Amino acid sequence: MSDVARLVVLISGSGSNLQAILDACQQGSLPAQVVAVISNKAEAYGLQRANNAAVPSVIFPVHKNQTRAEYDRQLARIVSAFKPDWVILAGWMRLLTNTFLSRFPNHVINLHPALPGAFPGTHSIERAYKAWQSEKIPHTGVMVHLVPDEGVDNGPLLNMRIVHMRDEDTLDTFEERMHEAEHELLVETINSLIVHGLERTMHNAKSNSFRS
Ligand code: GRF
């Protein structure tokens, strides 16, 4: 297992994207190993998924009166103990400050269910669906980007995919297709980072986004 990339995955909820990573590792389509799952929520179902896959997990909730910097300093300590090659934010619903990010420069990546520059923050899928209904956007998409600083969902692009709305879509069916796209895109992007490296992954993302 020493020649595979070590992934630490941060989650806050269901962990379906974590599951996609675990499955790809297990099937051998991703040369990686999830060495730890960390959740800021004790009730996150993703913890169960980690347990099912025999992956160590850590529940690290925010304590009362804890400053953001203090939380991030301790979180960085926990994460670095697992010696990650990549830190994956897969449904991690908490902003990270430079106190954390400066410990893993160019090694933290985030998944976001929208296209670059569109619908940053929470409820992006719902907001895109509403915007499409009122004919404000023709489509939306999903992206994976690097997290170099405290900007919200707007770091350098690593990969993206357009997702088209369909006339027959309800919010539920549309959301389901968005999640499927996320699962594929996240695994594909991590694979590219491991196999091709950061520079080439960023370069490919740039050329692809010009084409779409
Ligand atoms: C995903 O849509 C992710 O992009 C967003 O939160 C959701 C997490 O889903 N930030 P899951 O926990 O991986 O199922």
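Bear in mind the structure is a predicted one, so any value in this text is a computation, not a measurement. Values below: every heavy atom of this structure, side chains too, minus hydrogens, waters and symmetry copies. One is the number of the first residue; the rest follow in order along the sequence. Just so you know, ligand 1 is whichever comes first in the structure, and atom 1 is the first atom listed for that ligand.
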| remark: Nearest heavy atom to atom 10 (N) of ligand 1, choosing from R49, H183, M93, H123, belongs to M93
| query | Is there any N or O on G15 that sits under 3.5 Å from an N or O of ligand 1? | reply | yes
| task | Check salt bridge (charged side-chain N to carboxylate O under 4.0 Å, His left out) between R6 and all other residues, then give those that pass, not counting sequence neighbours. | result | none
| task | Verify the neighbour count for atom NE2 of H196: are there more than 12 heavy atoms of other residues, nucleotides or ligands below 6.0 Å? | result | yes
| field | Under 4.0 Å to a heavy atom of L111 - the qualifying atoms of ligand 1, by number | value | 4 (O)
| task | Could you tell me if any non-hydrogen atom of H179 lies under 4.0 Å from any atom of ligand 1? | result | yes
Show which side-chain atoms of residues 174-181 pair as donor or acceptor with protein atoms under 3.5 Å away, not counting sequence neighbours.
residue : atom : partner : partner atom : Å
R177    : NH1  : H164    : O            : 2.9
R177    : NH2  : H164    : O            : 3.3
R177    : NH2  : D169    : OD1          : 3.1
R177    : NH2  : D169    : OD2          : 2.1
H179    : ND1  : E182    : OE1          : 3.0

| Contact check, G46 vs ligand 1, heavy-atom distance below 4.0 Å | no
| query | Is the Y71-F60 ring centre distance short of 6.0 angstrom? | reply | yes
| Distance only, no hydrogens: is a donor on one side chain within 3.5 Å (strictly under) of an acceptor on the other, for N159 and T189? | yes
| Under 4.0 Å from any heavy atom of G91, which atoms of ligand 1 are there? | 6 (O), 8 (C), 10 (N)
| field | Candidate with minimal heavy-atom separation from atom 9 (O) of ligand 1, of I11, V144, N17 | value | N17
| Does a sphere of radius 6.0 Å around CD in E168 hold more than 12 heavy atoms from other residues, nucleotides or ligands, not counting ones at 6.0 Å or beyond? | yes
| field | Stepwise side chain to side chain contact (heavy atoms under 4.5 Å, CB included) check, R49 with S16 | value | CA-CA 9 Å; R49 298 180 192 269; S16 66; 4.1 Å; yes
| query | Can you list the atoms of ligand 1 that are under 4.0 Å from a heavy atom of S14? | reply | 12 (O), 14 (O)
| field | Structural part of E182 in contact with ligand 1, heavy atom criterion under 4.0 angstrom | value | side chain
| said: Counting non-hydrogen protein atoms only, what is the nearest one to atom 14 (O) of ligand 1? Give residue, atom name and distance. | reply: S16 OG, 2.5 Å
